[in-house]
Amino acid sequence: MAEKIVTISSSITVGELAETINLPVTQLIGELFKNGIVATINQRIDFETASIIVEELGLDFDLKQKEVDKSPATRNRVLSENATERSPIVAVMGHVDHGKTSLLDAILGQKVVEGEAGGITQHISAYQATKDGRTMTLLDTPGHEAFAALRQHGAVLTDVVIVVVAADDGVKPQTVEAIRFAREANAKIVVAINKIDKDTANSQLVKTQLATEHNLNPEEWGGDTIMVEVSAKTGQGIDKLLEAVLLVADLEELKADTDVPAEGLVIEAHMETGRGAVVRLLVEQGHLAPGQYLVAGTAYGRVRTLQDFSGKTIKSAGPSTPVIVTGFKDLPEFGNTFGIVKNEKEARQATVAARIEREAAAASTNVTSADILKLMSQAREAEVFNVIVKADVQGSLTSVIDSLKLVDTGGEVTLRVIGSGVGNISENDVHLAATEGTVIYGFNVDLPPAVKRQAARDGVQVRLYKVIYELLDDSKKSMEELLAPEIVDTEIGKLKIKGVFRTTKDEIIAGGEVTKGKVTTGVMTRVVRAGEKLAEVEVTKVQRQQIEAKEVFEGDLCGLSLKTEQKLLLEEGDILEFFTREVKKRTLK
Ligand code: GDP
């Protein structure tokens, strides 16, 4: 008899499994019990257990594990024979102020990036440019944090990275980061040496830096990296740069399938009044068209409007095309992959599956009792910095949260995002934040006057930012304040007790010989007997030859007054180790 094949996730609840295989749940629980598994209806069992039970029951079902949606980075898509050439996806990256935005403007022949705060593009955008009838897709590099977040989501989709270096400034930290990003993403590098119109420009120096320190050797020196001198200001070299990008892309033989259901990546999503969810997608395979049902992570919808990057309505979009769609019922997440399904029912099922997958992934982290003990002790020691994050668009929200999580405190301060969302700060946020120490971060959003009053009344701190780095700096400072101060002891000397003259409840007067370093008034001392530390006390007075002295050095005899808190009986032969103690405020690396 032919078996019925059912596909399930990596784990399934007992109730869901019973429903899937048409078995009364009590019978399934009984069967599990026979196999030594005590489970309730809502408990999750893993795929292997489910398969064994179904087999034992002798049912006509064959369970198959659902393949987890792989991100493009790990998705080694096998292209069909019909795959055709596609245009390259190019990211423009480089150090702040080296001219990325100006270069994009020059390439696209228009002002594209408006309202940049502090010169840093905050969320990822995509454009298309043409050169000699050929198209390329340009990804506007957001603040590098957003790119890091995108990379974390596994969405390495760049074919070519244009590394912009200002000829008057040379290689800088974010230049190095851009090179590293390109290498990790397996993308080809084309260097644009910008601002060559300036008197202070020194392209040779840039090339030397890149060649000697970063292993990028210019073609004209016999290497294989194309470096083009450009000026975003005068337009000089822009054509040559685009030619270089196309040349490098040609060598890659970039291809995509066009006759498969569309798939690709969510690069930005936000809500707009009157339009609902406005989502930027990058189509990687197939053709996307209005009317199609889309699924991205836990969000789904039907393409209502389809526009190209400039907002022009289009009928369909093929591989390497950035588009703007409306029709999603809620916001997909930045970095989600999207796919096409047949109808609304399938779309809903797919999002349910995605949700279960997500929960299962969260639930399946194996925690041992040792881990729990460790976590508990950490929880006791570690301070917690609670935050609520609000941002203008989903993409920014994701990058802010991801970047916040990357602030490393060596496990001493835990940052906990207790709430987040897209939109202005609301009364609800303030309400939620009213627990001690919770800070609300607003990124590119407003704080309405009524909410501001409420926050002031409840003593809730709301901090608004337009630049991600500044927000991160602030969070770092706040976490530094929570760090336990560092206690630094500096050893200064040692003494051997030769006689104890008087011992009272809170003072000892004794004498001895300084055997190392020195002793001064006001320092601390450890009392050590037979290698064991007995106490820590303060030296309140030092005397040499019965005269009060500031310090007594190695080789000299001296008398000491020690201030004690508990009664301490010093003995001849005890060792005093003198040290100074500083309490230092700590900073994060
Ligand atoms: P980004 O931070 O990398 O996006 O840099 P911008 O495009 O915002 O440019 C930073 C500054 O450099 C701006 O003041 C630009 O006008 C200036 N700039 C950019 N490209 C050139 C160039 O080719 N020549 C000159 N002279 N200035 C430039």
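Just so you know, ligand 1 is whichever comes first in the structure, and atom 1 is the first atom listed for that ligand. In what follows, every heavy atom counts, from backbone to side chain, and hydrogens, waters and symmetry copies are set aside.
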Engineer: At less than 4.0 angstrom from any non-hydrogen atom of D97, what atoms of ligand 1 do you find?
Structural biologist: 1 (P), 2 (O), 3 (O), 5 (O), 10 (C), 12 (O)
Engineer: Show the atoms of ligand 1 that are less than 4.0 angstrom away from any heavy atom in K100.
Structural biologist: 1 (P), 2 (O), 3 (O), 4 (O), 5 (O), 7 (O)
Engineer: Considering only heavy atoms of H95, which atoms of ligand 1 have at least one such atom less than 4.0 Å away?
Structural biologist: 3 (O)
Engineer: Compute the shortest N/O to N/O distance between A232 and ligand 1 and return yes if it is under 3.5 Å, no if not.
Structural biologist: yes
Engineer: Could you say whether the N/O atoms of K198 and ligand 1 ever approach to under 3.5 Å?
Structural biologist: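 It does not: no N or O of K198 is found under 3.5 Å from an N or O of ligand 1.
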Engineer: With a 4.0 Å cut-off, would you call D392 and K466 a salt bridge?
Structural biologist: no
Engineer: Going by heavy-atom distance to atom 11 (C) of ligand 1, choose the closest among K233, K195, Q236.
Structural biologist: K195
Engineer: Can you name the one residue among V445, L397, L447 that meets side-chain contact (heavy atoms from CB on, under 4.5 Å) with K390?
Structural biologist: V445
Engineer: What atoms in ligand 1 come closer than 4.0 Å to a heavy atom of S102?
Structural biologist: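 Within the 4.0 Å cut-off of S102, ligand 1 contributes 6 (P), 7 (O), 9 (O), 15 (C), 19 (C), 20 (N).
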Engineer: Under a 4.0 Å heavy-atom limit, does T101 contact ligand 1 with its side chain, its backbone, both, or neither?
Structural biologist: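 The answer is both, backbone and side chain.
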Engineer: Answer yes if the side chains of S310 and D308 hold a donor-acceptor pair under 3.5 Å, and no otherwise.
Structural biologist: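 D308 and S310 do have a side-chain donor-acceptor pair below 3.5 Å.
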Engineer: A quick test of your reading: do over 12 heavy atoms of other residues, nucleotides or ligands sit less than 6.0 Å from CZ of R416?
Structural biologist: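 Not more than 12 within 6.0 Å, no.
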Engineer: Any nitrogen or oxygen of V230, side chain or backbone, less than 3.5 Å from one on ligand 1?
Structural biologist: no
Engineer: Side chains of S80 and D257: do they bring a donor and an acceptor to under 3.5 Å?
Structural biologist: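 Side chains of S80 and D257: pair found under 3.5 Å.
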Engineer: Looking at every heavy atom in both Q394 and E333, which two are closest together, and how far apart are they?
Structural biologist: NE2-CG, 3.7 Å
Engineer: Assign the ring pair F385 / Y441 to parallel, tilted or perpendicular, where the plane angle (0 to 90°) is split at 30° and 60°.
Structural biologist: perpendicular
